[in-house]
Protein chains: 4
Amino acid sequence: MTPAAMTSQRRRPVQRRSQEMVDRILEAAARVLGREGYAAMSTNRVAAEADVSIGSLYRYFNDKAEIVEHLRARVNQEVLAELTEAIFASLDDDARHGVERVLVTLVDALERHRGILVALIDEVPLGSQANTLPEIERQLTEFTRLFVHRHAPGMPRDELDARLYLAMGMTLNACLRIALERPEGLDRGRLLELVTEMLVSGLDG
Amino acid sequence: MTPAAMTSQRRRPVQRRSQEMVDRILEAAARVLGREGYAAMSTNRVAAEADVSIGSLYRYFNDKAEIVEHLRARVNQEVLAELTEAIFASLDDDARHGVERVLVTLVDALERHRGILVALIDEVPLGSQANTLPEIERQLTEFTRLFVHRHAPGMPRDELDARLYLAMGMTLNACLRIALERPEGLDRGRLLELVTEMLVSGLDG
Amino acid sequence: MTPAAMTSQRRRPVQRRSQEMVDRILEAAARVLGREGYAAMSTNRVAAEADVSIGSLYRYFNDKAEIVEHLRARVNQEVLAELTEAIFASLDDDARHGVERVLVTLVDALERHRGILVALIDEVPLGSQANTLPEIERQLTEFTRLFVHRHAPGMPRDELDARLYLAMGMTLNACLRIALERPEGLDRGRLLELVTEMLVSGLDG
Amino acid sequence: MTPAAMTSQRRRPVQRRSQEMVDRILEAAARVLGREGYAAMSTNRVAAEADVSIGSLYRYFNDKAEIVEHLRARVNQEVLAELTEAIFASLDDDARHGVERVLVTLVDALERHRGILVALIDEVPLGSQANTLPEIERQLTEFTRLFVHRHAPGMPRDELDARLYLAMGMTLNACLRIALERPEGLDRGRLLELVTEMLVSGLDG
DNA sequence: GATGAATGAGTTTTCATTCAT
DNA sequence: GATGAATGAAAACTCATTCAT
């Protein structure tokens, strides 16, 4: 490999064609996972669904875990995009409305990825990373930290950290429940109001 | 769900020896699961760890899932026992102290089963039952429903259901986080105080 | 063991109690084989069906093959008994009527053991003994040899042997087909008449 | 019934290499079956004998039964080919000579596959399809029906069906006996003459 | 003699991964 | 770069048989 080639590769580590392949494979994986479950998601099955050879699949992913990881990252990223947008849109809202707007958006986004999320959470052995959506949680934490700073600026660092740690886990958990496994009888809107309320008052102290 | 052998042995209630085998197998399974993870937990591996033939393993458990299920049920049951005791002990406490006592006990119990719990939650594909500790949640719900009835009797049924649904998921999630993955910097005691606070105020409305 | 005991054992190699066990086991095996097929006929299943311990089963039979072999022998023997009776009853009949009476009896007897016979023929790997009913064939051969001697005494030995060899296989095969797998449209009576006819004329030369 | 791989390869008709693998596996299976019996014919044993990985074996055959079925079908087909040829060659013969020529060919062909046939008939559990060579019987039936039409055109349909049903089973059985288990003393030629005779006269009525 | 818990070799089958073309 | 045939370690599970009680 010439130095030139290496340089140009460093600049665009992912070629246009490669990206196409990667996408095809990931989309196929998402389809299989959502539709047929993790048990059916063999690498060969995914390659067939992507209409790509199994050899090519292994050209773009080192192993199966990497595919699942990319899938997870992708959901994270897509939900994250919507979340971030909602956060910006809510910057001028008062606490309650801002939080609710963000949570509604989050639940909407999660619902839109229900298929993969259910499979990822229920069927995929995660290998020691309890949390399927850590980036979401991080982002949600940052946003909330900002809100608290603005609305209750006096809280000591340690105290805030502890409150955020708990509140974020709980909120994300609540949103997942509302999005993915809400029982028949319970009203989505009311549940979201309640989460909002708990979150706001839980952070106010 | 019952060990395979039980069926064909209804004649004599439960043999001492059978229970011994069941226990050896379950303890071996717990050890392997906690130490080497779910991926390493093949039935043959468990049998070897238990120093029992693979044939015997299948005499007492119909299939691998049954072993995992027993493991889960066992943790559930043991945690449940401590939880129930704490609940009874706290019946005369005021809301805040009662709740805190219960939650402290719960976190203690969860910590004591850290090994299996981490593996069960992180690595075992749950197969559409997102929740590893449903019995705990149910019991916690009943207890809390009682507390609310006593301390805030006027709340309408629907409203209470919604609040309980959310609060229980969130509380259990928070306790699991505190017990199993609390970051270095955060103080266990303070976190528990906060959860208590959030729970109590979250239910008061 | 005293000499006396040995002697008395030689006289009655099978004790009354033992015979009872042997029978229970064989009957259970027959039931399982006829009802659930060879695949379900594990030694443990047979022991359970016989309400006998697996240990006892192996006390009376050296291995599984021996049980199947006894089963086969038993059907053979029971069919044989009826066959022999019919043969004696037909000694004064003319050729055609004698043969037909015997064949009707044979088909009746085979039909009565349909369950086991079907399983033995279709499902049991016979281990190099192509014929499930060799004793029947032998007996049928003897009877027919007699008939031929009487009705066509002049036939040379070699010729007779060849004819009997073929005719007996064919007849037994035909009777099995009529008894066990006769298609809807075909009349049992007419088929038996035809077999009789073919057999008689086939042997006459 | 078709090798597993075929399905996913419809794009290109039939790869030379695939056929090679299928053949190697079938030949290995035939060798093991003929030499060591059905009990020894595990899929791993067959793969080893074929010098093919067990994975490849399952690439070309969905399961063990499919291998046995292919083996059976193959014998059937090869015997059938010779049989059909003989039938065409004998169309101008008179009944007796035509039938004899066909039967001689049939016995020859069966003898040539003795190894597998013996194993298939004696050792392989047939799973409710008593007959190992149904295609042969069908073909033989068609041929014979033709002969009878020509030589004894007046026979009513029902009567002919009954006669054919019996005669074909008996003939095939006789040919198998002659080919596979004829006792020392009996002359092949004479036996074939006799079968011919019986068949011809048995159908004439 | 009777029991039945225990055994473990052996079976079928899957699927992530490699590598020659 | 792409292909896909081939691989083989490993998994879940069965069942004939043994032997201590």
Side-chain angles (χ1 to χ4, degrees), chain A residues 15 17-18 21 39-48 51-67, chain B residues 4-5 8-9 11-12 15-18 20-21 39-48 51-67, chain C residues 15 17-18 21 39-48 51-67, chain D residues 4-5 8-9 11-12 15-18 20-21 39-48 51-67:
Chain A
Q15 279 128 4
R17 281 336 234 2
S18 298
M21 294 286 278
M41 190 200 146
S42 75
T43 50
N44 284 284
R45 177 77 187 75
V46 169
D51 213 6
V52 147
S53 75
I54 181 66
S56 294
L57 184 150
Y58 274 89
R59 182 154 189 80
Y60 294 104
F61 296 91
N62 286 315
D63 56 26
K64 190 184 176 180
E66 211 173 282
I67 298 179
Chain B
S8 69
Q9 280 170 13
R11 289 164 194 171
R12 305 186 187 193
Q15 275 138 5
R16 212 165 296 150
R17 287 328 209 66
S18 298
E20 233 178 271
M21 293 288 279
M41 193 200 142
S42 74
T43 50
N44 283 289
R45 178 77 188 78
V46 169
D51 211 10
V52 146
S53 74
I54 182 65
S56 292
L57 185 149
Y58 276 92
R59 185 169 176 69
Y60 292 104
F61 297 91
N62 284 317
D63 55 25
K64 190 184 171 177
E66 212 174 274
I67 297 178
Chain C
Q15 280 129 3
R17 282 335 236 1
S18 299
M21 295 286 277
M41 191 200 145
S42 74
T43 49
N44 284 285
R45 177 78 187 75
V46 169
D51 214 6
V52 146
S53 76
I54 181 66
S56 294
L57 184 150
Y58 274 89
R59 181 153 189 81
Y60 294 105
F61 297 90
N62 284 316
D63 56 25
K64 190 183 176 179
E66 212 173 279
I67 297 178
Chain D
S8 68
Q9 280 169 13
R11 289 165 196 169
R12 306 187 187 192
Q15 275 140 5
R16 212 165 297 150
R17 289 326 210 67
S18 297
E20 235 179 87
M21 293 287 281
M41 192 199 143
S42 74
T43 50
N44 284 289
R45 178 77 189 79
V46 169
D51 210 9
V52 146
S53 74
I54 182 65
S56 293
L57 184 149
Y58 276 92
R59 185 168 177 69
Y60 292 104
F61 297 91
N62 284 316
D63 56 26
K64 191 183 172 177
E66 210 174 276
I67 297 178

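Here is the naming used below: chain letters follow the sequence lines, and residue numbers restart at 1 for every chain. Computed from heavy atoms alone, side chains included, the values below leave out hydrogens, waters and symmetry copies. Every value quoted in this text rests on a predicted model; they were computed, and no experiment measured them.
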Visitor: Send over the distance from Y58(D) OH to dA9(F) C1', rounded to a whole Å.
Guide: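 Y58(D) atom OH is separated from dA9(F) atom C1' by 15 Å.
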Visitor: Contact class for R59(A) (heavy atom, under 4.0 Å): base, sugar-phosphate, or nothing?
Guide: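 Sugar-phosphate contact only.
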Visitor: So which one's nearest nucleotide on DNA chain F is more toward 5', D51(D) or D63(B)?
Guide: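 Nearer the 5' end of the strand: D51(D).
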Visitor: Which nucleotide, dA12(F), dT17(F), dA2(F), lies nearest any side-chain atom of K64(C)?
Guide: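 The nucleotide sitting nearest to the side chain is dT17(F).
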Visitor: In whole angstrom, give the distance that lies between atom CG of L57(B) and atom C1' of dC15(F).
Guide: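 From L57(B) CG to dC15(F) C1': 15 Å.
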Visitor: Work out which heavy atom in S56(B) is nearest to a heavy atom in M21(B); give both atom names and the distance.
Guide: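 Closest heavy-atom pair between S56(B) and M21(B): CB-CE, 3.6 Å.
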Visitor: CD/E66(B) to CG/L57(B) distance, rounded to the nearest 0.5 angstrom?
Guide: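 That separation rounds to 10.0 Å.
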Visitor: On DNA chain F, compare the nucleotides closest to S56(A) and S42(C); which residue's is nearer the 5' end?
Guide: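 Looking at the nearest nucleotide for each, S56(A) comes out on the 5' side.
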Visitor: In this structure, how many angstroms lie between the P atom of dT12(E) and the CG atom of N62(D), rounded?
Guide: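 Going from CG in N62(D) over to P in dT12(E) covers 15 Å.
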Visitor: May I have the distance from Y60(B) (atom OH) to dT14(F) (atom P), rounded to whole angstrom?
Guide: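 Between P of dT14(F) and OH of Y60(B): 17 Å.
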Visitor: Whole Å only: how far is the CD1 atom of I54(B) from the P atom of dA11(F)?
Guide: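 I54(B) atom CD1 is separated from dA11(F) atom P by 11 Å.
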Visitor: What does dC19(F) pair with, Watson-Crick or G-U, if both distances are under 3.5 Å?
Guide: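 Looking at the geometry, dC19(F) pairs with dG4(E).
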Visitor: Nearest nucleotide by nearest heavy atom, which residue falls closer to the 5' end of DNA chain E, A65(D) or V52(C)?
Guide: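 It is V52(C), whose closest nucleotide lies nearer the 5' terminus.
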Visitor: Nearest whole angstrom, please: distance from the P of dA10(F) to the CG of N44(D).
Guide: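 Atom CG in N44(D) sits about 14 Å away from atom P in dA10(F).
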Visitor: Check whether any side-chain nitrogen or oxygen of T43(A) sits under 4.0 Å from OP1 or OP2 of dA16(E), and answer yes or no.
Guide: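 For T43(A), the contact criterion (side-chain N or O under 4.0 Å from OP1 or OP2 of dA16(E)) is met.
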Visitor: What is the minimum heavy-atom distance between T43(B) and Y58(B), and which atoms define it?
Guide: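 Minimum heavy-atom separation between T43(B) and Y58(B): CG2-OH, 3.3 Å.
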Visitor: Nearest whole angstrom, please: distance from the C1' of dT12(E) to the CZ of R45(D).
Guide: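 Value for this atom pair: 17 Å.
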Visitor: So, is S53(A) close to the dG4(F) phosphate, meaning a side-chain N or O under 4.0 Å from OP1 or OP2?
Guide: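 Checking S53(A) against dG4(F): no side-chain N or O falls below 4.0 Å of OP1 or OP2.
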Visitor: Nearest whole angstrom, please: distance from the C1' of dC15(F) to the CD1 of I67(C).
Guide: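 The answer, rounded to whole Å, is 13 Å.
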